[in-house]
Structure formats: structure tokens, C-alpha cells
Amino acid sequence: MSSTELPETRTAAASSASRIRAVRVAEGEELRSVALPGLTLTVRARPGNRPGLPPALYVHGLGGSSQNWSALMPLLADHVDGEAVDLPGFGDSPPPDDGNYSITGHARAVIRLLDAGGRGPVHLLGNSLGGAVATRVAAVRPDLVRTLTLVSPAMPELRAQRTAWPTALLAVPGVASFFARLTKDWTAEQRVKGVLALCYGDPGLVTDEGLRHAVEEMERRLELPYFWDVMARSSRGIVDAYTLGGQHGLWRQAERVLAPTLLVYGRRDRLVSYRMARKAAAAFRGSRLLTLPDAGHVAMMEYPEAVAQAFRDLIADGGGS
């Protein structure tokens, strides 16, 4: 897809915005829009239980949104004043004007959000793509990060699991549009169940209500004219980051992180191999590792209580409280 097509995509998105259904907001959450030059971000807030709590920012993964943190945020409301961001083009955030969906582009968006709100330093939590983004933020702007919590971060792997290959293939030009045509007759429920089978260690953990909400969100996303374009370009951004070496490589940047770090890995993760846990523990200095035997790729959704307790332990042990 050529760069000349992007403005047309944004025009189409703007003209159809009024027809797109609203995103779900859980009880106790607040949704707001933050307008920055060339960028608009939707932020989902879960205020702390009392005034004066330190701020936290949650960053979702590829194809996800701020809703991915709705199970964890209330469990930490006694420790942090939480906000979860929809990365550019995901959730309720429109595409960025520059069409930049690289890891660096997403990290820049997070940094601009934090600088604009004056909320830093924050407890920064990221999952998958969001974990790679959070790593880059912590490395280049240590002043913005109190602690770093990474759930199955998308760090470069030399031998990716076969179950992760389809996601990487989305980065190949033309594949996303081909897949969109190939699956045009799939229902939203079929798509959601496929995602759950890939991301959850045990999809049976999802309640009927949770499945219904996920289907409704998938239906909403499929109405977005830029949905597949954003998926393709963000997938390409991950692949590009995997091939980037030198001081800008993600593993090199992990070694530069100064913030106390919590790593969370699931042994049943089909997207990020559990074997990366040991390498990550060595790269992030002084980090602590939480291993969840039955968790898949989204432990904060599958086992939020366990992740919340590990985060509380990080804070209790002097992790930037």
C-alpha cells in the first residue's frame, strides 16, 4: 500500500466516524480524548481509590485496546491512579496523521501523552506490542518511568513459534487485504473465538458476558475502514524492530532500563515463547520474573489477581512507590 493512500483512508474514516458504534466503558472507568498535534489518543481512566496515589499507564498489544486492562486496573486502584491508552489506530484512537505505526512511532505517542499530561514518572505496564513500546520508552526517557511491568513483551526472537507466524505474515504487503477478503464471510464471533484460542492458555476462562463484549467490540472494529491497514502496518513495525540492531535494538535498550522491572510470562503462550523469559530476566537488570503455568499471551486478562499481587510486591519492595 502506497503512502498516497493514507490520507484517503483517514478521510474515509472521518466521514464514517458518526456511524461507528461507541466503545464499551466499564463501571468505574472514564473515557476521554487527548488531542495533540497530528495525533489524537483515547485514554481510559480508572482513578485511584484515594487522592495522591502515583500514576500508572497501561499499554496494550497488537490488535488490542485499553479494554485489555479493564480486569487488572480495578485490582490496582488501591495502589495507583490508572490510565490505559489506545495506541494510534487502535481502540477508539484514530490513525495518526503521519501513518507511523513503528515501535518508535508508538513509543513517541506514549511519551507525548505523558509529557502533555505531566503525569510522569509513571508505573508503566505493557503487554506484547505494548511491552516492546514500554521498553523503548523506559530506555530513552527514564525520567518518565517509576517501574516497568511487561506481560509477554514482544521482544525479538530468532526462532518464533509457528503459531506466531500468521501475525508476522500480516507485515507482508498485500497479505492483510488478502486475509480480509478471504475471511469476509466470517462472523465476529468466529473471529473472536480464533483470537481467544491464540491468546488464552485456556479460552474456557472467558465468561459468556466477556465473550459477548468481545464480539461487540470486534463488530465495532470491523466497521472501521482503517482496521486492516493499522494491523498490517503495526505488524510491519514489530518485524522491523526485530531486525534492528545496534543501540536501537530492543534487547540493547532493555539493558539500558533503570526502572525496577517485573516480567510476566505464561508457559502456554502461543505468540511469545516462554523460553524468552530467561533471556529477558538477564537483560533487564535486577528484574523479577513471574511465571504462570496455565497462562497464555494475556496474563493480565487471564489471571489478573496473580499479576496484581506481583505488581503490589514490586511496589512493596521499594519499586518507585
Side-chain angles (χ1 to χ4, degrees), residues 23-24 58-72 87 90-91 126-132 150-155 157 159-172 175-224 227-228 230-232 234-235 238-239 242 264-277 290-307:
V23 299
R24 179 176 176 272
Y58 304 81
V59 188
H60 64 80
L62 180 68
S65 75
S66 57
Q67 293 187 63
N68 291 164
W69 300 99
S70 288
L72 181 65
L87 291 172
F90 291 99
N127 168 236
S128 192
L129 163 66
L150 305 175
V151 181
S152 295
M155 302 294 285
E157 296 185 50
R159 293 180 296 116
Q161 300 180 100
R162 290 188 178 184
T163 44
W165 290 0
T167 301
L169 284 174
L170 284 176
V172 178
V175 168
S177 58
F178 171 74
F179 188 73
R181 293 192 301 271
L182 184 68
T183 63
K184 63 182 178 64
D185 295 327
W186 290 13
T187 66
E189 183 170 348
Q190 287 175 312
R191 296 175 189 272
V192 166
K193 287 184 176 179
V195 171
L196 294 178
L198 188 61
C199 292
Y200 273 66
D202 177 11
L205 292 174
V206 181
T207 64
D208 290 343
E209 181 182 34
L211 177 61
R212 177 168 55 82
H213 290 157
V215 170
E216 291 172 353
E217 174 61 13
M218 178 62 73
E219 291 173 341
R220 188 194 71 83
R221 293 185 188 186
L222 291 172
E223 295 172 354
L224 299 172
F227 173 79
W228 287 109
V230 172
M231 287 291 292
S234 290
S235 297
I238 294 175
V239 173
Y242 277 28
V264 182
Y265 282 84
R267 285 188 175 273
R268 300 177 68 177
D269 194 330
R270 298 177 179 86
L271 292 172
V272 171
S273 174
Y274 175 72
R275 67 173 179 266
M276 302 306 294
L290 171 64
T291 297
L292 297 173
D294 297 320
H297 190 60
V298 286
M300 74 286 186
M301 300 172 71
E302 301 171 84
Y303 298 97
E305 293 85 359
V307 176

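The model shown is predicted, which means the values in this text are computed figures rather than measured ones. In this chain, residues are counted from 1 in sequence order.
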R221 and salt bridge (charged side-chain N to carboxylate O under 4.0 Å, His left out): which partner among E223, E217, E219?
-> E217

How far does CG of L271 sit from OG of S128, to the nearest 0.5 angstrom?
-> 6.5 Å

Which value, rounded to the nearest 0.5 Å, describes the distance between M301 atom CE and W69 atom CH2?
-> 10.0 Å

May I ask you to decide if L292's main-chain N or O and R268's side chain share a donor-acceptor pair within less than 3.5 Å?
-> no

Value rounded to 0.5 Å, distance of CG in L87 from CG in L129 | 6.0 Å

Contacts of L211 that satisfy side-chain contact (heavy atoms from CB on, under 4.5 Å) - sequence neighbours left out | E189, V192, K193, L196, V206, V215

Nearest atoms (heavy-atom pairs only) where S152 meets D269 = OG-OD2, 2.8 Å

Could you tell me which non-hydrogen atom of S65 sits nearest to which non-hydrogen atom of G91, and how far apart they are?
-> CB-CA, 3.7 Å

Hits for side-chain contact (heavy atoms from CB on, under 4.5 Å) against S234, two or more places apart or cross-chain, chain-then-number order -> L62, F90, Y101, H106, V230

Measure the NE2-CG distance between H60 and N127 for me, rounded to the nearest 0.5 Å.
-> 10.0 Å

Between SG on residue C199 and CD on residue E302, distance to nearest 0.5 Å = 8.5 Å

Exercise: identify the closest heavy-atom pair between V264 and A299 | CG1-CB, 3.9 Å

To the nearest 0.5 angstrom, please state how far the CZ atom of R24 sits from the CZ atom of R212.
-> 8.0 Å

Go through N68 and M300 one step at a time and tell me if the side-chain contact (heavy atoms from CB on, under 4.5 Å) criterion holds.
-> CA-CA 8 Å; N68 291 164; M300 74 286 186; 4.0 Å; yes

Least distance between heavy atoms, P304 atom then A71 atom = CB-O, 4.0 Å

Taking only Lys NZ, Arg NE, NH1 and NH2, and the carboxylate oxygens of Asp or Glu, determine whether E216 and R220 approach each other closer than 4.0 Å.
-> no

